[in-house]
Amino acid sequence: MLSLPRPVHDQMVAYCLVGLPDEACGLLGGNPGTGEAVTCYPTRNLAASAKLYTVDPKEHLRADRDAEAGGNSIIGVFHSHTHTEAYPSPTDVDQAPDPGWHYVLVSLRDTQPVVRSYRIVDGLITEEPVRLLHR
Amino acid sequence: MPVKVNLPTVLRSQAGGAKTVSVDGATVGEVLRALQSEYPGLSGQVVDDDGTMHKFVNVYLNDDDVRYLSALDTPVGDADELSILPAVAGGAVGDRVPHFR
């Protein structure tokens, strides 16, 4: 399960909306043990594309250092799908870098953004619940 | 001389769970090859068998992506720190994504 404090969730969704018409991407810092995200790290999409994303490696390094300095880790990545549902594409699965991560999809296909989260282990996709923390 | 290498979470289990290891080498390539011989589980994960950098990892010397320096030939000193992170990419279509450069 992925736990998202409301401000983290909202920052992530807002960043995805601002990124239109391109896909937006970013990283989530938090506690790998509990699956609770504490920080949203919006990152530049180097691919600058409506269909692809590449997290800027320098911003990834900065986010990783910031998370580790706070006693956390990068626990996942989010990106938007601008015209498709919130489900990992074959490309997302092929390139999933860490089986311990949460893979969050924000679909902007419909009027209301849809946020879903997955684990991707050895090419197998498993959806997991997303719990919003209101605090 | 020993150089500090920060490992990403996905590779730590291959290095006994360590976040950071210390490895000898005078260039990025020497350090990474020494890392892989010390921890055979990492073989092919950072430097490919043909001696080039794995395309789905990014290696940084301090704050800089080594691909913008001299890649594996970049000299390193004992005050330097290497960090390895996975390349993070994907997309909505089924196309294979070329590496970002």
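In this text, all values refer to a predicted model and were calculated from it rather than measured experimentally. By convention in this document, chain letters (A, B, ...) are assigned in the order of the sequence lines, proteins followed by strands, and residues within each chain are numbered from 1.
- Between the OH atom in B/Y60 and the CZ atom in A/R62 there is a gap of 10.0 Å [rounded to 0.5 Å].
- Using a 4.5 Å cut-off between heavy atoms, B/D63 touches chain A through backbone and side chain atoms alike.
- Under the 4.5 Å side-chain criterion, counting only non-hydrogen atoms from C-beta, A/Q95 is not in contact with B/P86.
- One finds the CG atom of B/L85 at 10.5 Å from the CG atom of A/D98 (value rounded to the nearest 0.5 Å).
- Both B/V31 and B/V47 are members of a single hydrophobic cluster when ILVMFWY side chains are connected at heavy-atom separations under 4.5 Å.
- Residue contact with chain B, scored on non-hydrogen atoms closer than 4.5 Å, is absent for A/E85.
- A/V8 and A/Y103 are assigned to two separate hydrophobic clusters, defined by single-linkage of ILVMFWY side chains at heavy-atom distances under 4.5 Å.
- Side-chain contact between A/R65 and B/S83 is present, with at least one heavy-atom pair separated by less than 4.5 Å.
- Cluster annotation: A/L27 and A/V38 are assigned to distinct hydrophobic clusters (Ile/Leu/Val/Met/Phe/Trp/Tyr, side-chain heavy-atom contacts under 4.5 Å, transitive).
- Annotation for B/V10 and A/P97: closest pair CG2-O, 3.5 Å, computed over non-hydrogen atoms.
- Shown here is A/D110, whose CG atom has more than 12 heavy atoms of other residues, nucleotides or ligands within 6.0 Å.
- The closest side-chain heavy-atom distance from B/V88 to A/W101 is below 4.5 Å.
- For the residue pair B/A89 and A/T54, the shortest heavy atom distance occurs at CB-OG1, 3.8 Å.
- Hydrophobic clustering keeps A/L2 apart from A/L105 (ILVMFWY residues linked when any side-chain heavy atoms are closer than 4.5 Å, directly or through intermediates).
- In terms of hydrophobic clustering, with Ile, Leu, Val, Met, Phe, Trp and Tyr side chains grouped at heavy-atom distances under 4.5 Å, A/V106 and A/Y87 are assigned to different clusters.
- Atom CG of B/N6 is separated from atom CG of A/L61 by 8.5 Å, given to the nearest 0.5 angstrom.
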